[in-house]
Amino acid sequence: MLAIQVVVDAATFGPFLDDIDRPGLHVDRHVGAAPVTADGHMSKKALWGEFGLSLLASSKMGDETRRILIDFGYTPEALANNVALLGIDPDQIDATVLSHGHLDHYGGFPGLFANAPARARHIPFVVGGEEAFCNRIAMTAKPPLIMGALDRTALAQAGFAVEIRPEPSVVAGQAFTTGIIPLQTTERAAIPTAMRPGEGCKVTDLSEAKRLAEQAADDGEHELATCYNVKGLGLVVIVSCGHRGVLNSIRRAQAISGVQKIHAVVGGFHLVKPRTEAEAKATAAAMVEIAPDYIIPMHCTGEVFITEATRLMPDKVIRPFVGNRLIFAA
Ligand SMILES: [Fe+2]
């Protein structure tokens with residue numbers, strides 16, 4: 001059994017949607033959608049949406065339940081607010097995965113334990129490569145803006161122990177990360193940032209091509225997808241931002257696990273600029289061939305892909321909102 005809860009995303013919705021029950025998928029729409037106080041009043045607090053992503057994956061194998069937080073959203077305030085309203089105990093989280101070194105995925109990390117009792121923690125913080133720590137420049141802005149760099153000292157102070165894993169690896173005993181995702185389909189790396197190898201990250205630990213550059217194109221080499229093989233259903237592939245391509249991420253997960261069946265692909269597929277509308281439609285068409293049971297787009301996926309995928313596969317596309325729990329069980 002695997003449950004993925006949307007902790008931070010841009011899309012929020014009130015208590016007006018029904019739950020969804022489909023083969024191998026239940027969507028619980030109502031967690032936190034109408035918060036209630038202890039004495040039965042409507043809470044004056046609400047879940048926050050923002051342009052950032054954070055997902056809590058809880059899996060059960062035998063008697064063991066494991067919880068992984070994938071990404072941290074953009075702001076500590078949103079993460080802390082939503083973690084508290086959703087009743088998530090951060091001390092029950094076994095490991096965290098940062099998909100890639102962009103602010104909208106790591107910025108919220110100080111908020112995870114913001115409302116928890118202060119104590120020394122060393123919760124694993126899995127990243128795919130040293131380059132996650134390089135300063136980045138957002139090239140979409142004119143003139144380009146400095147995004148900044150993920151700060152190791154602040155991470156340690158906030159309770160995280162960095163583990164760099166460029167190879168496929170098991171996380172918390174029940175999930176796996178992809179390591180470096182090869183570009184093996186028609187999808188190219190498409191990332192709206194540049195990176196500065198000399199700032200924030202250790203240049204000696206970067207790939208040779210990037211070591212000497214003052215500013216390098218960001219190819220997302222360190223970007224990870226987090227995956228589960230759910231008993232009786234197949235793979236659930238969680239693509240946080242899909243800069244290496246959602247199709248490439250799926251192919252990588254299949255190659256690592258030896259499991260071909262894709263039950264669900266979840267997350268931000270980044271089928272917006274610098275990718276084109278034609279590329280978004282081509283990925284939707286390729287998804288028909290892959291034939292996942294469910295496509296669950298979030299964050300940076302973009303409306304062109306969602307519209308096209310819904311046209312091609314109307315029963316497969318599910319749109320989640322902040323707080324929703326996606327429960328995958330046979
Ligand atoms: Fe993102």
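Whatever order the structure lists them in is the order used to number ligands and atoms, beginning at 1.
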Q) What protein N/O/S atoms lie closer than 2.8 Å to the Fe ion (ligand 1)? A) Asp104 OD2, His105 NE2, Cys241 SG, His299 NE2

Q: For residues Tyr106 and Phe125, establish whether the separation of their ring centroids is below 6.0 Å.
A: no

(Q) Between Asp219 and Arg188, is the salt bridge (charged side-chain N to carboxylate O under 4.0 Å, His left out) condition met? List the steps. (A) CA-CA 9 Å; Asp219 61 1; Arg188 302 293 92 203; over 6 Å; no

Q. Restricting to pairs with a member in residues 277-290, which pass side chain to side chain donor-acceptor pair (under 3.5 Å), not counting sequence neighbours?
A. Glu187-Thr283, Thr276-Glu279

Validation: residues 135-146 side-chain donor-acceptor distances under 3.5 Å, sequence neighbours left out:
unit_1: Asn135; atom_1: OD1; unit_2: Gly148; atom_2: N; d: 3.1
unit_1: Asn135; atom_1: ND2; unit_2: Glu199; atom_2: OE1; d: 2.6
unit_1: Arg136; atom_1: NE; unit_2: Asp218; atom_2: OD2; d: 2.6
unit_1: Arg136; atom_1: NH1; unit_2: Glu131; atom_2: O; d: 2.8
unit_1: Arg136; atom_1: NH1; unit_2: Cys134; atom_2: O; d: 3.1
unit_1: Arg136; atom_1: NH2; unit_2: Glu131; atom_2: O; d: 3.2
unit_1: Arg136; atom_1: NH2; unit_2: Asp218; atom_2: OD1; d: 3.4

Q. Any salt bridge (Lys or Arg N to Asp or Glu O under 4.0 Å) pairs touching residues 15-27, not counting sequence neighbours?
A. none

(Q) With side-chain contact (heavy atoms from CB on, under 4.5 Å) as the criterion, how do Ile250 and Val265 come out once you've worked through the C-alpha distance, each side chain's angles and the decisive distance to 0.1 Å? (A) CA-CA 8 Å; Ile250 289 170; Val265 55; 4.1 Å; yes

